[in-house]
Amino acid sequence: MSTATLDAPASTNGKPLENLETVVIRFCGDSGDGIQSIGGHMTNASAMFGNDVRTFPDFPAEIRAPAGSLFGVSGYQLCFSNHDVFTPGDAVDTLVAMNPAALKTNIADLKRGGTLIVNEEEFNKSGLQKASYEANPLDDENLMAKFRVHKVPMTRLNRDAVEGLGLSLKNADLCRNFFALGLVYWLYDRDPKPTEDNIRTKFAKKPDVVEANLRALRAGMNYGFSTESFTVHYHVPPAKLPAGKYRKITGNEAVAMGLATMAKLSGKTVVFSGYPITPASDILHDLSTFKHFGVKTFQAEDEIAAMSACVGAAFAGELAVTASSGPGICLKGEAMGLGMMTELPMVIIDVQRGGPSTGLPTKTEQSDLLLAMYGRNGESPLPIVAASGPGDCFSLIQEAFRIATEFMCPVIFLSDGYIANGAEPWQIPNVADLPRLKIEHITSVNGENGEYLPYKRNEKLARPWAKPGTKGLEHRIGGIEKKDVTGNIDYSPKNHQHMTNTRAQKVANIANFIPEQTVDGPASGKLLVISWGGTYGAVRTAVQQAQTAGKSVAHTHLRYMNPFPRNLGTILKSYEKVLVPELNCGQLRMLLRNQFLVDAQGYNKVEGKPFLVNELVNVINEFHG
């Protein structure tokens with residue numbers, strides 16, 4: 001948190017209002033405490049005010065862990081600022097802990113001198129035992145002396161606020177999250193109106209719930225205003241963002257909106273077939289609301305059926321897409337190979353999470369790159385793209401379909417839990433500026449003798465896409481090796497070699513139809529830092545700090561993972577050292593070393609958490625020397 005100098009700070013009830021540039025807040029409590037809800041409201045309020053915002057929702061893996069347990073803590077961190085930010089922040093400025101378990105699992109991230117707000121009534125014998133505390137940490141003077149501590153009797157104050165509405169104690173306590181939110185709204189000078197409007201809309205059929213939540217929100221704000229515990233509150237001015245209309249968007253929301261936009265503009269139907277799996281399920285949920293935009297959704301009985309249905313939809317001439325995470329992608333492998341063998345256009349979305357097996361279902365990781373590259377039997381290369389952030393998902397999912405339909409092949413779209421659940425302000429694009437997907441279905445025979453040749457290729461080595469039922473274009477298709485041009489079954493050794501080479505060359509040729517790689521920083525020098533996926537924000541910020549400190553460091557971020565941009569090899573060899581930070585054990589590093597024979601070094605982390613900017617700055621300084 002950094003404070004800007006004010007000539008004459010504003011005052012409310014005798015309490016000064018100080019300007020800040022950037023604030024990092026974390027709400028934490030039980031998974032049933034509504035933490036994600038109030039985090040989303042704080043994000044919306046800050047984004048609508050005009051701040052740049054980045055978020056990091058952190059869910060427990062258990063669907064509903066025992067109340068008060070350490071492994072049931074849910075967290076939501078957001079960073080809002082008066083300038084561009086690319087991460088949800090490192091150290092926390094204000095920590096709101098709703099119970100002892102939340103405090104124990106998050107206190108280490110609160111910076112010295114930071115603000116700690118706790119619901120002191122939850123720090124009773126039962127709550128302390130569940131969190132494995134032998135003594136009340138709020139009584140530990142050595143620990144609490146590091147922070148500005150506010151022990152707030154939220155439970156009692158909240159119950160007082162909703163008294164008279166006829167709510168049970170259990171239902172009354174469900175409003176405590178809005179009391180905490182109201183207090184933070186006062187502390188950081190947030191406008192409650194967007195939240196109040198949302199409450200009225202969401203609970204329109206439950207007027208008592210509307211009134212209870214509004215009372216709790218206002219009670220929290222009034223507490224901050226009136227208590228002597230808080231002697232100052234803060235204001236973060238709007239950021240100077242490009243002019244336009246903005247909304248908050250998560251990665252999964254952006255994928256769904258990108259698909260619906262593509263369907264509407266192209267006049268084609270998007271057919272999504274999927275099976276629920278964390279953290280990809282919200283794509284199916286959101287797409288199911290876009291039926292009026294030409295989107296059809298199908299929840300299959302399992303991952304194999306979902307992928308097979310995707311192949312079927314592509315054969316039928318629709319824009320076919322499916323989504324899953326690592327475990328589901330493993331199950332989809334055989335049918336993905338069928339899509340590759342039949343050379344049909346479709347997109348497979350992999351929202352990566354911690355693995356292997358069930359692994360860390362709600363935590364982020366980048367460990368599926370090699371799975372996407374090689375996770376099918378036989379020689380089956382597929383194009384791969386990887387989003388850099390929530391907003392990037394909107395345009396890149398459409399780019400994935402451009403590649404799929406131009407080159408007649410499945411495309412893998414990589415996201416991750418950090419991107420999928422994280423949010424940022426997104427400038428709503430002008431519809432007139434959006435690309436239109438050009439779909440061409442062959443409608444007449446293409447053979448010299450009046451026959452249809454399903455594998456007669458164009459200059460991009462793409463075969464024609466015929467819709468079933470088109471007169472004269474009847475043909476056989478399947479997973480058995482076929483002869484080029486005619487599509488007839490052909491087991492001969494030379495034909496298999498030819499078809500294998502042709503399919504691989506088609507994917508390699510895509511490099512000629514994607515943008516060249518760009519570099520942020522000097523075109524040559526001592527150190528190049530390469531990122532991909534959700535590490536973009538942390539790496540970019542760390543490199544910018546190193547550049548400001550006078551280091552000869554450049555940054556390049558990859559969105560096209562297979563094939564790589566055609567000039568990437570030249571870029572890599574323009575620097576003395578290459579550093580590849582990844583949330584895996586070195587998968588991109590291995591691919592770069594193999595393909596370009598450069599001595600790329602890695603910095604790897606698989607803790608289920610994103611990189612901190614500070615740790616990357618230290619690594620860059622060490623590598624730079």
Side-chain angles (χ1 to χ4, degrees), residues 21-23 39-57 78-89 190-191 193-195 197-198 236-266 282-283 286-287 289-290 293 295 349 385-402 413 415-416 418-437 515 518 520 531 533-541 544 555 557 559-560:
E21 293 181 3
T22 303
V23 171
H41 282 296
M42 186 72 187
T43 301
N44 285 335
S46 299
M48 293 185 70
F49 179 71
N51 297 127
D52 198 10
V53 186
R54 294 296 183 274
T55 73
F56 177 46
L78 70 149
C79 173
F80 57 100
S81 178
N82 69 349
H83 56 76
D84 287 346
V85 290
F86 303 101
T87 76
R190 301 288 91 175
D191 182 1
K193 188 176 185 307
T195 299
D197 292 342
N198 179 270
V236 178
K240 295 180 180 179
L241 301 173
K245 190 174 183 179
Y246 288 80
R247 59 155 288 171
K248 182 206 77 170
I249 200 166
T250 68
N252 281 346
E253 289 172 341
V255 167
M257 293 180 65
L259 290 170
T261 300
M262 182 181 63
K264 185 71 174 179
L265 295 181
S266 67
D282 283 342
I283 298 175
D286 290 346
L287 281 175
T289 67
F290 292 143
F293 286 116
V295 176
I349 301 168
V385 297
S388 62
D392 188 42
C393 291
F394 177 83
S395 57
L396 196 63
I397 191 67
Q398 298 179 66
E399 171 69 353
F401 263 105
R402 179 193 70 82
F413 176 97
S415 178
D416 57 55
Y418 178 74
I419 292 174
N421 296 319
E424 65 183 11
W426 177 65
Q427 186 175 6
I428 300 173
N430 188 332
V431 175
D433 297 333
L434 294 174
R436 266 61 172 176
L437 192 64
T518 59
D520 178 16
S531 60
T535 62
Y536 168 75
V539 174
R540 176 177 177 178
T541 305
Q544 286 179 340
H555 173 221
H557 183 85
R559 297 167 75 236
Y560 298 89

**Report entry** Exam field: side chain Thr541 to backbone Ala538, donor-acceptor pair closer than 3.5 Å
**Finding:** no
Query raised in the report: Do you know which two heavy atoms are closest between His555 and Ser531, and how far apart they sit?
Result: NE2-OG, 2.7 Å
Query raised in the report: Which pairs pass salt bridge (charged side-chain N to carboxylate O under 4.0 Å, His left out) with one or both residues in residues 248-266, sequence neighbours excluded?
Result: Arg247-Glu253
Query raised in the report: When you measure from the side chain of Asp52 to the backbone N and O of Ala239, does any donor-acceptor pair fall under 3.5 Å?
Result: no
**Report entry** salt bridge (charged side-chain N to carboxylate O under 4.0 Å, His left out) pairs, two or more places apart, involving residues 39-48
**Finding:** none
Requested in this report: Answer yes if the side chains of Thr22 and His83 hold a donor-acceptor pair under 3.5 Å, and no otherwise.
Outcome: yes
Requested in this report: Could you give me the CA-CA distance, side-chain angles and deciding distance for Leu241 and Asp84, then say whether side-chain contact (heavy atoms from CB on, under 4.5 Å) is met?
Outcome: CA-CA 8 Å; Leu241 301 173; Asp84 287 346; 3.8 Å; yes
Query raised in the report: Would you say Gln427's side chain and Ala243's backbone share a donor-acceptor pair under 3.5 angstrom?
Result: yes
Query - Donor-acceptor contact present, side-chain Thr250 to main-chain Ala423, <3.5 Å - result: no
Report task. Determine the minimum heavy-atom distance between Pro242 and Tyr246, stating which atoms define it. Result -> O-OH, 2.7 Å
Query raised in the report: Heavy-atom distance under 4.5 Å between the side chains of Leu396 and Val255, does that happen here?
Result: no
Query raised in the report: Are any of the side-chain heavy atoms of Leu265 and Val431 separated by less than 4.5 Å?
Result: yes
Query raised in the report: What pair of heavy atoms forms the shortest contact from Pro194 to Asp191, and how long is it?
Result: CD-O, 3.3 Å
Query raised in the report: Roughly how far apart are Phe80 CZ and Thr43 OG1, rounded to 0.5 Å?
Result: 9.5 Å
Requested in this report: Apply side-chain contact (heavy atoms from CB on, under 4.5 Å) to Asp392 and Tyr536, showing your working.
Outcome: CA-CA 11 Å; Asp392 188 42; Tyr536 168 75; over 6 Å; no
Query raised in the report: What is the distance from atom CZ of Arg540 to atom CG of Asp520, rounded to the nearest 0.5 Å?
Result: 6.0 Å
Query raised in the report: Can you tell me if Ser266 uses its side chain to pair, donor with acceptor, with the backbone of Leu437 under 3.5 Å?
Result: no
Query raised in the report: Within the side chain of Asn51, is there an N or O that forms a donor-acceptor pair under 3.5 Å with the backbone of Val236?
Result: yes
Report task. Would you please name every residue forming a ring-ring contact (aromatic ring centres under 6.0 Å, His included) with Phe401, sequence neighbours left out? Result -> none
Report task. Would you give the length of the straight line joining atom CD1 of Ile397 to atom CE of Met262, rounded to the nearest 0.5 angstrom? Result -> 7.0 Å
Requested in this report: Sequence neighbours left out, what passes side-chain contact (heavy atoms from CB on, under 4.5 Å) with Asn430? Give chain and number order.
Outcome: Ala432, Asp433
Query - Side chains of Phe290 and Met257 in contact at under 4.5 Å (non-hydrogen atoms) - result: yes
**Report entry** Counterpart residues, side chain to side chain donor-acceptor pair (under 3.5 Å), relative to Lys193 (two or more places apart)
**Finding:** Asp197
**Report entry** Gap separating the OG1 atom of Thr87 from the OH atom of Tyr418, nearest 0.5 angstrom
**Finding:** 5.5 Å
Requested in this report: Measure across Leu287 and Val295 and return the closest heavy-atom pair with its distance rounded to 0.1 Å.
Outcome: O-CG1, 3.7 Å
Query - Closest non-hydrogen atom pair, Pro390 against Ala254 - result: O-CB, 3.1 Å
Query raised in the report: Does Ser46 have any side chain to side chain donor-acceptor pair (under 3.5 Å) partners at least two apart in sequence or in another chain, and if so, which?
Result: Arg190
Report task. Would you indicate whether the side-chain heavy atoms of Val385 and Arg559 approach each other to under 4.5 Å? Result -> no
Query raised in the report: Just how far is it from atom SG of Cys393 to atom CD1 of Ile283, taken to the nearest 0.5 Å?
Result: 8.0 Å
Requested in this report: Give, for atom CG of Leu434 and atom OG of Ser395, the distance between the pair rounded to the nearest 0.5 Å.
Outcome: 9.5 Å
Report summary line: Heavy atoms of Pro237 and Phe49 approach each other most closely as C-CE2, 3.9 Å
